[in-house]
Protein chains: 2
Amino acid sequence: MNKCEQCIVRQFSSLKALTKDELVKMAECKTSYTIKKGEAIFEEGEVTNGIYCVKDGVCKMTKLSANGKDQIVKLIKAGELLGQRSMISDEPANLSAIALEDMEVCFIPKAEVMQFFNENNQFSMNVMKTICNDLKDADDQMVAMAQKTVKERLAETLLYLEDTFGKNTDGTLHIQLSREELAGMIGTATESCIRLLSEFNKNEYIELIGKKIAIKDRNKLKRLAD
Amino acid sequence: MNKCEQCIVRQFSSLKALTKDELVKMAECKTSYTIKKGEAIFEEGEVTNGIYCVKDGVCKMTKLSANGKDQIVKLIKAGELLGQRSMISDEPANLSAIALEDMEVCFIPKAEVMQFFNENNQFSMNVMKTICNDLKDADDQMVAMAQKTVKERLAETLLYLEDTFGKNTDGTLHIQLSREELAGMIGTATESCIRLLSEFNKNEYIELIGKKIAIKDRNKLKRLAD
DNA sequence: CTAAATCTATGACAAATATCATATAAATTA
DNA sequence: TAATTTATATGATATTTGTCATAGATTTAG
(Lines give C-alpha, C1' and ligand atoms only; values in the text may rest on other atoms or scores of the structure.)
Protein backbone atom coordinates (compact mmCIF):
# COMPACT_ATOMS: atom_id res chain seq x y z
CA MET A 1 0.00 0.00 0.00
CA ASN A 2 1.45 3.32 -1.09
CA LYS A 3 1.34 6.27 1.24
CA CYS A 4 -0.88 9.12 0.12
CA GLU A 5 1.42 11.41 2.04
CA GLN A 6 4.17 10.71 -0.46
CA CYS A 7 1.97 10.91 -3.50
CA ILE A 8 2.86 14.00 -5.47
CA VAL A 9 -0.38 14.35 -7.41
CA ARG A 10 -2.47 15.09 -4.32
CA GLN A 11 -0.80 18.51 -4.29
CA PHE A 12 -2.68 19.40 -7.45
CA SER A 13 -6.20 18.72 -6.22
CA SER A 14 -8.50 19.65 -3.36
CA LEU A 15 -6.68 16.95 -1.37
CA LYS A 16 -3.78 19.33 -0.77
CA ALA A 17 -5.72 20.69 2.20
CA LEU A 18 -5.64 17.37 4.04
CA THR A 19 -3.53 17.02 7.17
CA LYS A 20 -0.92 14.31 7.73
CA ASP A 21 -3.33 12.37 9.89
CA GLU A 22 -6.03 12.57 7.28
CA LEU A 23 -3.62 11.41 4.60
CA VAL A 24 -2.61 8.41 6.69
CA LYS A 25 -6.26 7.57 7.16
CA MET A 26 -6.89 7.94 3.47
CA ALA A 27 -3.97 5.66 2.60
CA GLU A 28 -5.57 2.99 4.77
CA CYS A 29 -8.96 3.06 3.09
CA LYS A 30 -8.03 3.72 -0.51
CA THR A 31 -7.87 1.14 -3.28
CA SER A 32 -5.48 1.50 -6.21
CA TYR A 33 -6.43 0.47 -9.72
CA THR A 34 -4.68 0.19 -13.02
CA ILE A 35 -6.95 1.07 -15.92
CA LYS A 36 -6.00 0.11 -19.47
CA LYS A 37 -6.51 2.53 -22.36
CA GLY A 38 -10.12 2.31 -23.52
CA GLU A 39 -11.44 0.87 -20.27
CA ALA A 40 -14.03 2.64 -18.13
CA ILE A 41 -13.35 3.82 -14.60
CA PHE A 42 -17.10 4.14 -14.25
CA GLU A 43 -20.01 4.54 -16.59
CA GLU A 44 -22.98 6.86 -16.86
CA GLY A 45 -25.72 5.69 -14.50
CA GLU A 46 -23.38 3.71 -12.27
CA VAL A 47 -23.41 4.31 -8.52
CA THR A 48 -19.84 5.08 -7.56
CA ASN A 49 -19.93 5.58 -3.80
CA GLY A 50 -16.72 7.48 -3.63
CA ILE A 51 -14.25 9.53 -5.60
CA TYR A 52 -11.25 8.68 -7.73
CA CYS A 53 -7.94 10.45 -7.60
CA VAL A 54 -6.07 10.27 -10.90
CA LYS A 55 -2.43 9.39 -10.22
CA ASP A 56 -1.39 8.98 -13.83
CA GLY A 57 -2.92 9.17 -17.29
CA VAL A 58 -5.80 11.02 -18.89
CA CYS A 59 -9.45 10.11 -19.28
CA LYS A 60 -12.42 11.49 -21.13
CA MET A 61 -15.77 12.22 -19.48
CA THR A 62 -18.44 11.33 -22.00
CA LYS A 63 -22.18 11.28 -22.35
CA LEU A 64 -24.04 9.13 -24.85
CA SER A 65 -26.57 11.27 -26.70
CA ALA A 66 -29.85 10.09 -28.20
CA ASN A 67 -28.35 9.92 -31.71
CA GLY A 68 -25.82 7.35 -30.53
CA LYS A 69 -22.79 9.63 -30.52
CA ASP A 70 -20.48 10.03 -27.55
CA GLN A 71 -20.05 13.64 -26.59
CA ILE A 72 -16.85 14.36 -24.70
CA VAL A 73 -17.77 16.80 -21.97
CA LYS A 74 -14.30 17.23 -20.53
CA LEU A 75 -10.88 15.68 -20.12
CA ILE A 76 -9.34 14.83 -16.76
CA LYS A 77 -5.62 14.45 -16.15
CA ALA A 78 -3.29 13.34 -13.38
CA GLY A 79 -3.81 15.24 -10.14
CA GLU A 80 -7.52 15.75 -10.65
CA LEU A 81 -10.43 14.12 -8.86
CA LEU A 82 -13.31 12.25 -10.45
CA GLY A 83 -16.85 11.68 -9.28
CA GLN A 84 -17.11 14.52 -6.79
CA ARG A 85 -20.33 15.85 -8.21
CA SER A 86 -22.18 12.54 -8.08
CA MET A 87 -20.94 11.93 -4.56
CA ILE A 88 -22.20 15.28 -3.29
CA SER A 89 -25.49 15.09 -5.20
CA ASP A 90 -25.92 11.52 -4.03
CA GLU A 91 -26.74 10.46 -7.55
CA PRO A 92 -25.46 7.92 -10.07
CA ALA A 93 -22.73 9.21 -12.38
CA ASN A 94 -23.99 11.56 -15.08
CA LEU A 95 -20.97 10.91 -17.28
CA SER A 96 -18.77 7.95 -18.14
CA ALA A 97 -15.04 8.13 -17.43
CA ILE A 98 -13.01 6.30 -20.10
CA ALA A 99 -9.22 6.05 -20.09
CA LEU A 100 -7.46 7.66 -23.07
CA GLU A 101 -4.16 6.22 -21.91
CA ASP A 102 -3.19 3.59 -19.37
CA MET A 103 -4.06 5.07 -16.01
CA GLU A 104 -3.40 4.71 -12.34
CA VAL A 105 -6.22 5.83 -10.07
CA CYS A 106 -7.04 5.54 -6.40
CA PHE A 107 -10.55 5.06 -5.13
CA ILE A 108 -11.50 6.72 -1.85
CA PRO A 109 -14.83 5.61 -0.32
CA LYS A 110 -17.53 8.17 0.20
CA ALA A 111 -17.63 7.73 3.98
CA GLU A 112 -14.03 8.90 4.37
CA VAL A 113 -14.36 11.77 1.92
CA MET A 114 -17.48 13.00 3.70
CA GLN A 115 -15.66 12.88 7.00
CA PHE A 116 -12.79 15.00 5.69
CA PHE A 117 -15.48 17.19 4.24
CA ASN A 118 -17.11 17.83 7.59
CA GLU A 119 -13.94 18.14 9.60
CA ASN A 120 -11.71 20.03 7.24
CA ASN A 121 -13.19 23.29 6.06
CA GLN A 122 -10.38 24.06 3.68
CA PHE A 123 -10.85 20.73 1.94
CA SER A 124 -14.56 21.20 1.43
CA MET A 125 -13.93 24.75 0.25
CA ASN A 126 -11.42 23.44 -2.28
CA VAL A 127 -13.88 20.88 -3.59
CA MET A 128 -16.55 23.53 -3.84
CA LYS A 129 -14.27 25.88 -5.75
CA THR A 130 -13.36 23.11 -8.16
CA ILE A 131 -17.00 22.37 -8.84
CA CYS A 132 -17.73 26.08 -9.28
CA ASN A 133 -14.95 26.21 -11.81
CA ASP A 134 -16.37 23.21 -13.62
CA LEU A 135 -19.73 24.98 -13.71
CA LYS A 136 -18.22 28.09 -15.24
CA ASP A 137 -16.42 25.99 -17.84
CA ALA A 138 -19.59 24.07 -18.62
CA ASP A 139 -21.60 27.28 -19.08
CA ASP A 140 -18.92 28.73 -21.34
CA GLN A 141 -18.70 25.54 -23.35
CA MET A 142 -22.46 25.47 -23.71
CA VAL A 143 -22.42 28.98 -25.17
CA ALA A 144 -19.58 27.98 -27.50
CA MET A 145 -21.57 24.97 -28.72
CA ALA A 146 -24.62 27.14 -29.29
CA GLN A 147 -22.99 30.14 -30.91
CA LYS A 148 -19.70 29.16 -32.52
CA THR A 149 -19.19 27.36 -35.80
CA VAL A 150 -17.55 23.95 -35.95
CA LYS A 151 -14.44 25.58 -37.41
CA GLU A 152 -14.17 27.99 -34.50
CA ARG A 153 -14.67 25.22 -31.99
CA LEU A 154 -12.03 23.06 -33.64
CA ALA A 155 -9.50 25.89 -33.54
CA GLU A 156 -10.34 26.56 -29.90
CA THR A 157 -10.08 22.88 -28.99
CA LEU A 158 -6.70 22.39 -30.67
CA LEU A 159 -5.26 25.31 -28.73
CA TYR A 160 -6.78 23.98 -25.52
CA LEU A 161 -5.24 20.55 -26.12
CA GLU A 162 -1.77 21.99 -26.66
CA ASP A 163 -2.06 24.33 -23.66
CA THR A 164 -3.38 21.66 -21.32
CA PHE A 165 -1.50 18.55 -22.36
CA GLY A 166 1.60 19.94 -24.08
CA LYS A 167 3.39 18.76 -27.18
CA ASN A 168 6.01 16.18 -28.13
CA THR A 169 9.51 17.07 -29.34
CA ASP A 170 8.27 16.94 -32.95
CA GLY A 171 5.66 19.57 -32.09
CA THR A 172 2.68 17.21 -32.24
CA LEU A 173 0.02 17.30 -29.55
CA HIS A 174 1.00 15.05 -26.69
CA ILE A 175 -2.51 13.82 -26.08
CA GLN A 176 -3.66 11.09 -28.45
CA LEU A 177 -7.20 11.52 -29.64
CA SER A 178 -8.73 9.75 -32.62
CA ARG A 179 -10.51 11.90 -35.18
CA GLU A 180 -13.76 10.49 -33.86
CA GLU A 181 -12.89 11.59 -30.33
CA LEU A 182 -11.84 15.03 -31.47
CA ALA A 183 -15.18 15.31 -33.29
CA GLY A 184 -16.85 14.20 -30.06
CA MET A 185 -15.18 17.05 -28.21
CA ILE A 186 -16.24 19.76 -30.62
CA GLY A 187 -19.66 18.25 -31.22
CA THR A 188 -19.64 17.44 -34.91
CA ALA A 189 -19.52 14.51 -37.32
CA THR A 190 -16.20 12.72 -37.67
CA GLU A 191 -16.04 13.50 -41.40
CA SER A 192 -16.61 17.20 -40.80
CA CYS A 193 -13.81 17.20 -38.26
CA ILE A 194 -11.43 15.43 -40.66
CA ARG A 195 -12.35 17.80 -43.47
CA LEU A 196 -11.61 20.86 -41.35
CA LEU A 197 -8.32 19.36 -40.18
CA SER A 198 -7.40 18.93 -43.86
CA GLU A 199 -8.34 22.54 -44.49
CA PHE A 200 -6.28 23.77 -41.53
CA ASN A 201 -3.44 21.62 -42.86
CA LYS A 202 -3.65 23.20 -46.33
CA ASN A 203 -3.77 26.67 -44.78
CA GLU A 204 -0.72 25.70 -42.70
CA TYR A 205 -2.40 26.45 -39.39
CA ILE A 206 -1.53 22.89 -38.41
CA GLU A 207 0.47 20.00 -39.83
CA LEU A 208 -0.89 16.49 -40.01
CA ILE A 209 1.83 13.95 -39.34
CA GLY A 210 0.14 10.61 -39.77
CA LYS A 211 -2.61 10.59 -37.20
CA LYS A 212 -0.87 13.22 -35.15
CA ILE A 213 -1.49 16.94 -35.22
CA ALA A 214 1.08 19.71 -34.80
CA ILE A 215 0.02 23.31 -34.36
CA LYS A 216 1.96 25.52 -36.78
CA ASP A 217 0.32 28.92 -36.39
CA ARG A 218 -1.14 29.61 -32.97
CA ASN A 219 -2.07 33.18 -33.81
CA LYS A 220 -4.15 32.31 -36.81
CA LEU A 221 -5.91 29.58 -34.85
CA LYS A 222 -6.51 32.01 -32.01
CA ARG A 223 -7.98 34.56 -34.37
CA LEU A 224 -10.22 31.88 -35.81
CA ALA A 225 -11.37 30.72 -32.38
CA ASP A 226 -12.21 34.35 -31.41
CA MET B 1 -37.35 46.15 6.78
CA ASN B 2 -39.11 42.86 6.20
CA LYS B 3 -38.23 39.88 8.29
CA CYS B 4 -36.50 37.04 6.46
CA GLU B 5 -38.05 34.69 8.96
CA GLN B 6 -41.48 35.44 7.55
CA CYS B 7 -40.41 35.28 3.93
CA ILE B 8 -41.89 32.22 2.32
CA VAL B 9 -39.49 31.93 -0.59
CA ARG B 10 -36.51 31.15 1.61
CA GLN B 11 -38.07 27.73 2.12
CA PHE B 12 -37.34 26.90 -1.50
CA SER B 13 -33.61 27.59 -1.48
CA SER B 14 -30.50 26.61 0.44
CA LEU B 15 -31.55 29.26 2.96
CA LYS B 16 -34.09 26.87 4.45
CA ALA B 17 -31.27 25.45 6.55
CA LEU B 18 -30.73 28.73 8.40
CA THR B 19 -31.67 29.01 12.08
CA LYS B 20 -33.94 31.69 13.52
CA ASP B 21 -30.95 33.59 14.79
CA GLU B 22 -29.28 33.47 11.44
CA LEU B 23 -32.44 34.68 9.72
CA VAL B 24 -32.68 37.62 12.09
CA LYS B 25 -29.09 38.45 11.36
CA MET B 26 -29.74 38.17 7.65
CA ALA B 27 -32.76 40.47 7.85
CA GLU B 28 -30.52 43.10 9.41
CA CYS B 29 -27.90 43.07 6.70
CA LYS B 30 -29.98 42.47 3.60
CA THR B 31 -31.03 45.10 1.08
CA SER B 32 -34.26 44.80 -0.89
CA TYR B 33 -34.52 45.89 -4.50
CA THR B 34 -37.27 46.23 -7.04
CA ILE B 35 -36.07 45.43 -10.53
CA LYS B 36 -38.11 46.45 -13.55
CA LYS B 37 -38.59 44.13 -16.49
CA GLY B 38 -35.57 44.38 -18.77
CA GLU B 39 -33.25 45.75 -16.11
CA ALA B 40 -30.11 43.95 -14.97
CA ILE B 41 -29.59 42.68 -11.44
CA PHE B 42 -25.92 42.38 -12.33
CA GLU B 43 -23.95 42.04 -15.51
CA GLU B 44 -21.25 39.75 -16.81
CA GLY B 45 -17.87 40.88 -15.47
CA GLU B 46 -19.34 42.80 -12.55
CA VAL B 47 -18.08 42.10 -9.03
CA THR B 48 -21.14 41.31 -6.96
CA ASN B 49 -19.81 40.74 -3.44
CA GLY B 50 -22.80 38.81 -2.27
CA ILE B 51 -25.77 36.79 -3.37
CA TYR B 52 -29.32 37.66 -4.39
CA CYS B 53 -32.42 35.88 -3.19
CA VAL B 54 -35.27 36.13 -5.70
CA LYS B 55 -38.47 36.96 -3.84
CA ASP B 56 -40.63 37.45 -6.90
CA GLY B 57 -40.32 37.35 -10.67
CA VAL B 58 -38.14 35.54 -13.17
CA CYS B 59 -34.82 36.47 -14.71
CA LYS B 60 -32.61 35.15 -17.46
CA MET B 61 -28.92 34.40 -17.02
CA THR B 62 -27.21 35.35 -20.25
CA LYS B 63 -23.80 35.43 -21.81
CA LEU B 64 -22.86 37.62 -24.72
CA SER B 65 -21.09 35.55 -27.35
CA ALA B 66 -18.47 36.77 -29.80
CA ASN B 67 -21.03 37.03 -32.62
CA GLY B 68 -23.02 39.57 -30.61
CA LYS B 69 -25.88 37.27 -29.68
CA ASP B 70 -27.10 36.80 -26.13
CA GLN B 71 -27.21 33.16 -25.17
CA ILE B 72 -29.62 32.38 -22.34
CA VAL B 73 -27.84 29.87 -20.13
CA LYS B 74 -30.66 29.40 -17.63
CA LEU B 75 -33.76 30.94 -16.09
CA ILE B 76 -34.11 31.71 -12.40
CA LYS B 77 -37.42 32.06 -10.60
CA ALA B 78 -38.70 33.10 -7.19
CA GLY B 79 -37.15 31.13 -4.35
CA GLU B 80 -33.83 30.64 -6.05
CA LEU B 81 -30.48 32.25 -5.29
CA LEU B 82 -28.27 34.17 -7.69
CA GLY B 83 -24.54 34.71 -7.74
CA GLN B 84 -23.49 31.83 -5.52
CA ARG B 85 -20.90 30.55 -7.96
CA SER B 86 -19.12 33.87 -8.38
CA MET B 87 -19.13 34.40 -4.63
CA ILE B 88 -17.52 31.04 -3.93
CA SER B 89 -15.05 31.28 -6.79
CA ASP B 90 -14.25 34.82 -5.77
CA GLU B 91 -14.63 35.96 -9.33
CA PRO B 92 -16.66 38.55 -11.23
CA ALA B 93 -20.01 37.30 -12.55
CA ASN B 94 -19.71 35.01 -15.56
CA LEU B 95 -23.28 35.69 -16.62
CA SER B 96 -25.65 38.66 -16.64
CA ALA B 97 -28.94 38.45 -14.75
CA ILE B 98 -31.71 40.31 -16.58
CA ALA B 99 -35.30 40.55 -15.32
CA LEU B 100 -37.94 39.00 -17.60
CA GLU B 101 -40.70 40.41 -15.38
CA ASP B 102 -40.75 42.97 -12.62
CA MET B 103 -38.82 41.43 -9.75
CA GLU B 104 -38.22 41.72 -6.06
CA VAL B 105 -34.84 40.58 -4.87
CA CYS B 106 -32.84 40.78 -1.66
CA PHE B 107 -29.11 41.24 -1.61
CA ILE B 108 -27.13 39.52 1.14
CA PRO B 109 -23.50 40.61 1.51
CA LYS B 110 -20.78 38.04 1.05
CA ALA B 111 -19.43 38.42 4.58
CA GLU B 112 -22.70 37.23 6.11
CA VAL B 113 -23.19 34.40 3.65
CA MET B 114 -19.67 33.16 4.27
CA GLN B 115 -20.28 33.21 8.00
CA PHE B 116 -23.44 31.10 7.66
CA PHE B 117 -21.39 28.96 5.36
CA ASN B 118 -18.75 28.26 7.95
CA GLU B 119 -21.06 27.89 10.90
CA ASN B 120 -23.96 26.03 9.37
CA ASN B 121 -22.96 22.80 7.72
CA GLN B 122 -26.40 22.08 6.37
CA PHE B 123 -26.53 25.44 4.64
CA SER B 124 -23.19 24.99 2.92
CA MET B 125 -24.18 21.47 1.94
CA ASN B 126 -27.39 22.82 0.41
CA VAL B 127 -25.49 25.40 -1.58
CA MET B 128 -23.07 22.77 -2.74
CA LYS B 129 -25.85 20.47 -3.85
CA THR B 130 -27.49 23.29 -5.76
CA ILE B 131 -24.28 24.03 -7.60
CA CYS B 132 -23.76 20.33 -8.31
CA ASN B 133 -27.21 20.25 -9.80
CA ASP B 134 -26.45 23.29 -11.92
CA LEU B 135 -23.31 21.55 -13.14
CA LYS B 136 -25.26 18.47 -14.16
CA ASP B 137 -27.81 20.62 -15.98
CA ALA B 138 -25.06 22.56 -17.72
CA ASP B 139 -23.34 19.38 -18.87
CA ASP B 140 -26.61 17.96 -20.17
CA GLN B 141 -27.46 21.18 -21.92
CA MET B 142 -24.03 21.28 -23.50
CA VAL B 143 -24.55 17.81 -24.93
CA ALA B 144 -27.99 18.85 -26.19
CA MET B 145 -26.49 21.89 -27.94
CA ALA B 146 -23.81 19.76 -29.52
CA GLN B 147 -25.89 16.77 -30.57
CA LYS B 148 -29.50 17.77 -31.01
CA THR B 149 -31.05 19.65 -33.91
CA VAL B 150 -32.64 23.06 -33.45
CA LYS B 151 -36.06 21.44 -33.85
CA GLU B 152 -35.37 18.96 -31.06
CA ARG B 153 -34.07 21.69 -28.80
CA LEU B 154 -37.10 23.87 -29.44
CA ALA B 155 -39.48 21.02 -28.58
CA GLU B 156 -37.48 20.28 -25.43
CA THR B 157 -37.44 23.92 -24.39
CA LEU B 158 -41.18 24.43 -24.88
CA LEU B 159 -41.89 21.45 -22.63
CA TYR B 160 -39.41 22.73 -20.07
CA LEU B 161 -41.06 26.15 -20.05
CA GLU B 162 -44.51 24.69 -19.45
CA ASP B 163 -43.27 22.30 -16.76
CA THR B 164 -41.25 24.92 -14.93
CA PHE B 165 -43.37 28.05 -15.22
CA GLY B 166 -46.86 26.68 -15.87
CA LYS B 167 -49.56 27.91 -18.18
CA ASN B 168 -52.35 30.48 -18.16
CA THR B 169 -56.05 29.60 -18.17
CA ASP B 170 -56.07 29.82 -21.98
CA GLY B 171 -53.32 27.20 -22.11
CA THR B 172 -50.55 29.59 -23.16
CA LEU B 173 -47.16 29.45 -21.49
CA HIS B 174 -47.13 31.62 -18.41
CA ILE B 175 -43.63 32.86 -18.95
CA GLN B 176 -43.31 35.66 -21.49
CA LEU B 177 -40.35 35.27 -23.80
CA SER B 178 -39.87 37.12 -27.05
CA ARG B 179 -39.03 35.04 -30.11
CA GLU B 180 -35.53 36.43 -29.89
CA GLU B 181 -35.20 35.25 -26.30
CA LEU B 182 -36.58 31.83 -27.12
CA ALA B 183 -34.03 31.63 -29.93
CA GLY B 184 -31.36 32.65 -27.41
CA MET B 185 -32.35 29.75 -25.17
CA ILE B 186 -32.15 27.10 -27.85
CA GLY B 187 -29.11 28.64 -29.50
CA THR B 188 -30.32 29.54 -32.96
CA ALA B 189 -31.21 32.53 -35.14
CA THR B 190 -34.48 34.32 -34.32
CA GLU B 191 -35.83 33.65 -37.82
CA SER B 192 -35.11 29.94 -37.55
CA CYS B 193 -36.93 29.85 -34.23
CA ILE B 194 -39.96 31.66 -35.68
CA ARG B 195 -39.99 29.37 -38.71
CA LEU B 196 -40.02 26.25 -36.55
CA LEU B 197 -42.75 27.68 -34.33
CA SER B 198 -44.83 28.20 -37.49
CA GLU B 199 -44.14 24.62 -38.49
CA PHE B 200 -45.12 23.30 -35.04
CA ASN B 201 -48.23 25.44 -35.31
CA LYS B 202 -49.15 23.96 -38.71
CA ASN B 203 -48.54 20.45 -37.36
CA GLU B 204 -50.73 21.34 -34.38
CA TYR B 205 -48.07 20.54 -31.81
CA ILE B 206 -48.59 24.06 -30.54
CA GLU B 207 -50.94 26.97 -31.14
CA LEU B 208 -49.73 30.49 -31.67
CA ILE B 209 -52.06 33.00 -30.07
CA GLY B 210 -50.63 36.35 -30.95
CA LYS B 211 -47.16 36.35 -29.42
CA LYS B 212 -48.14 33.65 -26.98
CA ILE B 213 -47.59 29.94 -27.33
CA ALA B 214 -49.86 27.13 -26.17
CA ILE B 215 -48.74 23.52 -26.18
CA LYS B 216 -51.37 21.37 -27.89
CA ASP B 217 -49.67 17.98 -28.14
CA ARG B 218 -47.17 17.24 -25.40
CA ASN B 219 -46.60 13.66 -26.59
CA LYS B 220 -45.59 14.63 -30.09
CA LEU B 221 -43.29 17.31 -28.73
CA LYS B 222 -41.79 14.83 -26.30
CA ARG B 223 -41.19 12.34 -29.08
CA LEU B 224 -39.52 15.07 -31.10
CA ALA B 225 -37.33 16.16 -28.21
CA ASP B 226 -36.19 12.51 -27.67
C1' DC C 1 -54.62 59.48 -32.46
C1' DT C 2 -50.81 59.15 -35.45
C1' DA C 3 -46.09 58.25 -36.55
C1' DA C 4 -42.23 55.72 -35.44
C1' DA C 5 -40.15 51.89 -33.67
C1' DT C 6 -40.10 47.17 -32.59
C1' DC C 7 -41.57 42.44 -33.08
C1' DT C 8 -43.28 38.65 -35.71
C1' DA C 9 -43.53 36.36 -40.01
C1' DT C 10 -42.10 34.57 -44.43
C1' DG C 11 -39.62 34.16 -48.91
C1' DA C 12 -35.25 33.66 -51.34
C1' DC C 13 -30.94 32.39 -51.12
C1' DA C 14 -26.26 31.25 -49.19
C1' DA C 15 -23.45 28.88 -46.08
C1' DA C 16 -22.51 25.32 -42.89
C1' DT C 17 -22.87 20.76 -41.71
C1' DA C 18 -24.38 15.87 -42.03
C1' DT C 19 -24.78 11.75 -44.56
C1' DC C 20 -23.56 8.23 -47.69
C1' DA C 21 -20.26 6.18 -50.65
C1' DT C 22 -15.83 4.86 -51.48
C1' DA C 23 -10.76 4.78 -51.39
C1' DT C 24 -6.55 4.47 -49.04
C1' DA C 25 -3.66 3.87 -44.98
C1' DA C 26 -2.74 1.84 -40.71
C1' DA C 27 -3.37 -1.41 -37.14
C1' DT C 28 -4.74 -5.85 -35.61
C1' DT C 29 -5.29 -10.71 -35.81
C1' DA C 30 -5.12 -15.32 -37.66
C1' DT D 1 3.00 -12.64 -43.81
C1' DA D 2 -1.55 -12.33 -45.37
C1' DA D 3 -6.09 -11.31 -44.28
C1' DT D 4 -9.17 -8.63 -41.83
C1' DT D 5 -10.61 -4.91 -39.43
C1' DT D 6 -10.41 -0.19 -38.20
C1' DA D 7 -9.10 4.66 -38.91
C1' DT D 8 -8.39 8.41 -41.95
C1' DA D 9 -9.50 10.88 -46.04
C1' DT D 10 -12.28 12.86 -49.69
C1' DG D 11 -16.05 13.41 -53.14
C1' DA D 12 -20.97 13.90 -54.03
C1' DT D 13 -25.07 15.20 -52.32
C1' DA D 14 -28.88 16.25 -49.05
C1' DT D 15 -30.29 18.64 -45.13
C1' DT D 16 -30.11 22.00 -41.81
C1' DT D 17 -29.44 26.43 -40.50
C1' DG D 18 -28.20 31.31 -41.13
C1' DT D 19 -28.58 35.71 -43.53
C1' DC D 20 -30.73 39.28 -45.93
C1' DA D 21 -34.82 41.42 -47.59
C1' DT D 22 -39.34 42.72 -46.89
C1' DA D 23 -44.08 43.01 -45.15
C1' DG D 24 -47.58 43.05 -41.77
C1' DA D 25 -48.75 43.33 -36.81
C1' DT D 26 -48.12 45.22 -32.52
C1' DT D 27 -46.28 48.31 -29.30
C1' DT D 28 -44.43 52.67 -27.92
C1' DA D 29 -43.71 57.57 -28.00
C1' DG D 30 -44.90 62.05 -29.27
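Source: prediction; values computed, not measured. Labels below follow one simple rule: chain letters A, B, ... track the order of the sequence lines, proteins then strands, and each chain is numbered from 1. Values below: all heavy atoms of this structure, side chains included; hydrogens, waters and symmetry mates excluded.
The shortest distance between side-chain heavy atoms of A:Lys151 and A:Thr188 does not fall below 4.5 Å. Within the 4.5 Å cutoff, the side chain of B:Lys212 has heavy atoms near those of the B:Gln176 side chain.
Rounded to whole Å, the distance from NZ on B:Lys37 to P on C:dT6 is 15 Å. What separates CD1 of A:Ile186 from C1' of C:dA18 is a distance of 13 Å, to the nearest Å. As a whole-Å value, the separation of B:Leu154 CG from D:dT16 P is 15 Å. The nearest whole Å value for the distance from the CG atom in B:Asn67 to the P atom in C:dA15 is 17 Å. Rounded to an integer number of Å, the gap from A:Ile213 CD1 to D:dA7 P is 16 Å. When the P atom of D:dT16 is taken as reference, atom NZ of B:Lys151 falls 7 Å away, rounded to whole Å. B:Lys212 places its NZ atom 14 Å from the C1' atom of D:dT26, with the value rounded to the nearest Å. Atom CG in A:Leu196 sits about 13 Å away from atom C1' in D:dT10, given to the nearest Å.
Under a 4.0 Å N-O distance rule, the pair B:Lys216/B:Glu204 does not qualify as a salt bridge. Salt bridge A:Glu162/A:Arg218: present, at least one basic N to carboxylate O contact under 4.0 Å. With respect to B:Asp70 and B:Lys63, no salt bridge is recorded, no charged nitrogen being found less than 4.0 Å from a carboxylate O.
Taking CE from B:Met61 and CG from B:Leu95, the interatomic distance works out to 5.0 Å, rounded to the nearest 0.5 Å.
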Using the 3.5 Å cut-off, write out each protein N or O paired with an N or O of nucleotides 28-30 of chain D and the distance between them.
none

Collect all protein-nucleotide pairs involving nucleotides 8-12 of chain C in which both atoms are nitrogen or oxygen and the distance is under 3.5 Å.
residue, atom, partner, partner atom, Å
C:dT8, OP2, B:Arg179, N, 3.2
C:dA9, OP2, B:Arg179, NE, 2.8
C:dA9, OP2, B:Arg179, NH2, 3.3
C:dT10, OP2, B:Ser198, OG, 2.4
C:dG11, N7, B:Arg195, NH1, 3.0
C:dG11, O6, B:Arg195, NH2, 3.0
C:dA12, N6, B:Arg195, NH2, 3.4

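Taking the six-membered ring for Trp and thresholds of 30 and 60 degrees, A:Tyr33 and A:Phe107 have ring planes more than 60 degrees apart, a perpendicular arrangement.
Side-chain polar atoms of A:Asp139 and B:Asn94 form no donor-acceptor pair below 3.5 angstrom.
As judged by a 4.0 angstrom heavy-atom cut-off over every strand, B:Lys69 is placed among residues touching the sugar-phosphate backbone only.
Of the options B:Gln141, B:Gln71, B:Met142, a side chain to side chain contact (heavy atoms under 4.5 Å, CB included) to A:Met145 is made by B:Met142 and by none of the others.
Close to C:dT17, at under 4.0 Å from its OP1 or OP2, lies no side-chain N or O of A:Lys148.
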